[in-house]
Amino acid sequence: QSQLVEFGGRLVHAGGSLTLTCTASRRAFNSDHMGWFRQAPGKEREFVSAISWNGENTYYTESVKGRFAVSRDKAKNTMYLQMNDLKSEDTAAYYCAAGAGSIASISWNYWGQGTQVTVSS
């Protein structure tokens with residue numbers, strides 16, 4: 001049984017918005033941090049965003065700051081990634097992850113299977 005399951009990816013026009021959802025097992029959701037990564041064809045997987053266990057601290061890669069927002073709902077064991085003003089370079093498979101440790105040295109122990117986001121220009 002998967003500890004993390006993402007959904008919500010689809011084809012969207014440039015400038016549009018999309019929300020990704022990651023449902024987690026209780027064990028995964030109680031990790032120190034949860035995060036989003038993405039991998040475009042021919043490229044390495046890259047960090048997108050992370051959120052601390054209590055939701056008080058959020059982190060973003062520079063290219064998505066001001067456009068993406070990560071949040072979590074404790075009652076639903078769910079994490080979200082709200083993506084606005086999408087650009088063609090945001091096209092990628094997006095992965096949900098959960099891990100232990102401080103933000104500077106997280107060990108990502110759990111991974112989802114990925115959901116595809118395609119932004120058409």
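On a predicted model such as this, the values are computed, not experimentally measured, just so you know.
Follow the hydrophobic side-chain contacts under 4.5 Å out from Y60 and you reach M83 in the same cluster. Taken together through direct or relayed side-chain contacts under 4.5 Å among Ile, Leu, Val, Met, Phe, Trp and Tyr, V119 and V64 form part of one hydrophobic cluster. Two different hydrophobic clusters hold F29 and Y80 under the rule that ILVMFWY side chains link at heavy-atom gaps under 4.5 Å. I106 and M79 fall into different hydrophobic clusters, defined by Ile, Leu, Val, Met, Phe, Trp and Tyr side-chain heavy atoms under 4.5 Å apart, directly or through other members. Placement of I51 and L18 within a single hydrophobic cluster is found when ILVMFWY residues are connected by side-chain heavy-atom separations under 4.5 Å, directly or transitively.
S88 and T91 are not linked by any side-chain donor-acceptor pair at a separation below 3.5 angstrom, with hydrogens and angles left out of the test.
Here the closest non-hydrogen pair linking I103 and A50 is CD1-CB, 4.1 Å. What you find for G9 and L20 is that their closest heavy atoms are N-CD2, 3.6 Å. For the residue pair S120 and L11, the shortest heavy atom distance occurs at CB-CD1, 4.1 Å. The shortest non-hydrogen separation linking L81 to S49 is CD1-CB, 4.3 Å. The shortest heavy-atom contact between Y94 and D90 is OH-O, 2.6 Å. Here the closest non-hydrogen pair linking S31 and G99 is CB-O, 3.3 Å.
Of the possible donor and acceptor atoms, none in the side chain of E6 sits under 3.5 Å from a partner among the backbone N and O of T115. Not one N or O on the side chain of R72 forms a donor-acceptor pair closer than 3.5 Å with the backbone of G55. Counting only distance, with no hydrogens or angles, the side chain of S52 and the backbone of H33 share no donor-acceptor pair below 3.5 Å.
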Check step by step if side-chain contact (heavy atoms from CB on, under 4.5 Å) holds for Y59 and V70. CA-CA 8 Å; Y59 311 89; V70 62; over 6 Å; no
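Between atom OG of residue S105 and atom CG of residue D32 there is a gap of 9.5 Å, rounded to the nearest 0.5 Å. With rounding to the nearest 0.5 Å, the separation of CG in N30 from NZ in K74 is 7.5 Å. Here CE of M34 is found 4.0 Å from SG of C22. Values are rounded to the nearest 0.5 Å.
With respect to R38, the side-chain contact (heavy atoms from CB on, under 4.5 Å) criterion is satisfied by exactly one of R45, K43, E46: E46. Of the candidates F47, F37, Y95, W36, W108 forms a ring pair (Phe, Tyr, Trp, His ring centres under 6.0 Å) with just one, namely F37.
At a threshold of 4.5 Å between non-hydrogen side-chain atoms, the residues T23 and K76 do not count as touching.
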